[in-house]
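Chain letters run A, B, ... following the sequence lines, proteins first and then strands; every chain starts at 1. All of these numbers come straight from a predicted model, not from anything done at the bench.
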2 protein chains.
Amino acid sequence: MSAPAPEGYDPHAYAPFAVTVDLAVFTVREARLHVLLVERGQEPHRGRWALPGGFLLPREAAEDAARRELAEETGLGPGAIGALHLEQLRTYTDPDRDPRMRVVSVAYAALLPDLPEPRGGGDAASARWWDAGSTGPLAFDHDTILADAHDRIGAKLEYSCLATAFCPAEFTLGELQQVYETVWGVELDRPNFRRKVLSAPGFVQPVDGPPRRTGGRGKPAALYRAGDATALHPPLLRPQRTDASPSGPEGRDR
Amino acid sequence: MSAPAPEGYDPHAYAPFAVTVDLAVFTVREARLHVLLVERGQEPHRGRWALPGGFLLPREAAEDAARRELAEETGLGPGAIGALHLEQLRTYTDPDRDPRMRVVSVAYAALLPDLPEPRGGGDAASARWWDAGSTGPLAFDHDTILADAHDRIGAKLEYSCLATAFCPAEFTLGELQQVYETVWGVELDRPNFRRKVLSAPGFVQPVDGPPRRTGGRGKPAALYRAGDATALHPPLLRPQRTDASPSGPEGRDR
DNA sequence: TAAATAGTGTCTTTAAGACATTATCGA
DNA sequence: TCGATAATGTCTTAAAGACACTATTTA
């Protein structure tokens, strides 16, 4: 809010806006980044897929609205909803982004470990996971929001310990590496990845007890859980694309 | 905006919100980070200092509103306003952040080279620069916004070429280093800073012609202008605080 | 046994940190 | 001359890249 508010103004003299949240909920399944989408049941964009989200209640903060909508769409329990990583992305304010009325939307990115299909009560009946790289054109400006969210998550993996948010409570270093490879779309050297993760204080901590096997074949891998740290110093930088064909957008957002 | 919109809804059935922009406008003056504040002329918080900002017009995007407000507050010409670095920070949605009504605010950070005092027409009559570290308690939640903005700018200096936005069109490496030192609150080694900046492709480019002097004393420094690059690879990381007394908040936002 | 995956060790290369040193100005 | 600031050079250290090699499982 803001300083030079007009003299003696009446709230209703100002253009009323609707405010919503939109959620880019990501998970890593079968070495692909997936995003949760819902099918729209009414106009506009009836039948198109869209990011889950909804209107803020009259006395609700945006993050609370995001968690509430997420619970409705995914059927996750309150414990999981309270614990998951939810991060405000940016706010979209194009006056024409919704043909019905003036709506500004606060977008969030959420990260989940791989879960069973969303069991939908209510609104979530039509929710399902999609490969994040193969979504058709989405409703509203959700293609833009989704792309921004993917960029942001990729950038944050470099200098934060966020990747563990994609993993179950106990995970192997191979699974953690798979998160990086999937989000970035590159392959990493396993010994070097291992050295980096284990030397970063507080990134992961070993779990006592017997190791578990991975896919049936190969040596069983040791288990770790997420450590205390949230930042990663020095960062784990993406391999530079040295070829002359830049594949992504230029400046990363963060 | 958002997917499961209720059936047959009426826009006015939804809680109307006011939407504003708030601006954290920074510059570096005399080796201190400064922020532009305005004194509030009416309740609430009459007489308190606040970030400049204001309401969105009915068909105006937030970034347009931010540039408009900035022009009103600073008296900058359209050219400067169009060129300056403006970056969406995050959106503040606490239901009680404004006692008058429900207001969500989209916050922006703006970076300017050192300029003469704001010449205020209209709202800007009471605008002035403050040392960003010595602002009293500000109106609304502007202390939080200001701190978030400072954190974000500091983080972005690491991996972007943003620092040049604080400099005039032509600047010396000493002035650029001063930006880093001021925003981060640390001292940097000059030879190493120079090596890093000059080896980063597209960060700065030399200006032909005679060098200019700095403060009267000492060898005149060569001039540079900002290059094409927006990202900095590898990043210019802040020196790690190795002492046991962490002085800043833990995880950086970005 | 072979295939598959986990984990270790080492050499090379890059980039940052920590300086010493030289250059060029004004007073 | 001296003090101040700019600019260059060099040695050391830290971290990343590349990759050979060993270990432990299932089929």
Which is it for Phe166(B) and Phe26(B) under the ring pair (Phe, Tyr, Trp, His ring centres under 6.0 Å) test, yes or no, and what are the steps along the way? CA-CA 8 Å; Phe166(B) 281 113; Phe26(B) 291 111; 7.1 Å; no
Over how many whole Å does the gap from His233(A) atom NE2 to dA15(C) atom P extend? 19 Å
Can you tell me the distance, in whole Å, between the CZ atom of Arg194(B) and the P atom of dA23(C)? 15 Å
Please determine, for the side chain of Arg217(B), which listed nucleotide (dA27(D), dA7(D), dA4(D)) has the closest atom? dA4(D)
Separation of Phe193(B) atom CZ from dG9(D) atom P, in whole Å? 19 Å
Would a 4.5 Å heavy-atom cut-off, applied to side chains only, mark Trp129(A) and Leu37(A) as touching? no
Say whether, by atom type as modelled, one donor and one acceptor occur between the side chain of His233(A) and the main chain of Ala231(A) under 3.5 angstrom. no
Ring center gap for Phe171(B) and Tyr224(B) short of 6.0 angstrom: no
A cation-pi test, strictly: NZ or CZ of Arg90(A) under 6.0 Å from the centre of the six-membered ring of Tyr92(A) and no more than 45 degrees from its axis. Yes or no? yes
Just the rounded figure in Å: distance from C1' of dA15(C) to OH of Tyr159(B). 21 Å
Would you mind reading off the distance between Glu175(B) atom CD and dA6(D) atom C1', rounded to a whole angstrom? 13 Å
At under 4.0 Å between heavy atoms, which parts of nucleotides 14-23 of chain D does protein reach? Answer with one letter per nucleotide, 5' to 3': B base, S sugar-phosphate only, - none. --BBBBB--B
Rounded to whole angstrom units, what separation is found between the CG atom of Leu223(B) and the P atom of dA6(D)? 12 Å
Options dG7(C), dT8(D), dT25(D), nucleotide nearest the side-chain atoms of Ala221(A): dG7(C)
Between atom CD in Gln178(B) and atom C1' in dA6(D), what is the gap in whole Å? 15 Å
Quick check: do Glu158(A) and Trp184(A) have side-chain heavy atoms less than 4.5 Å from each other? yes
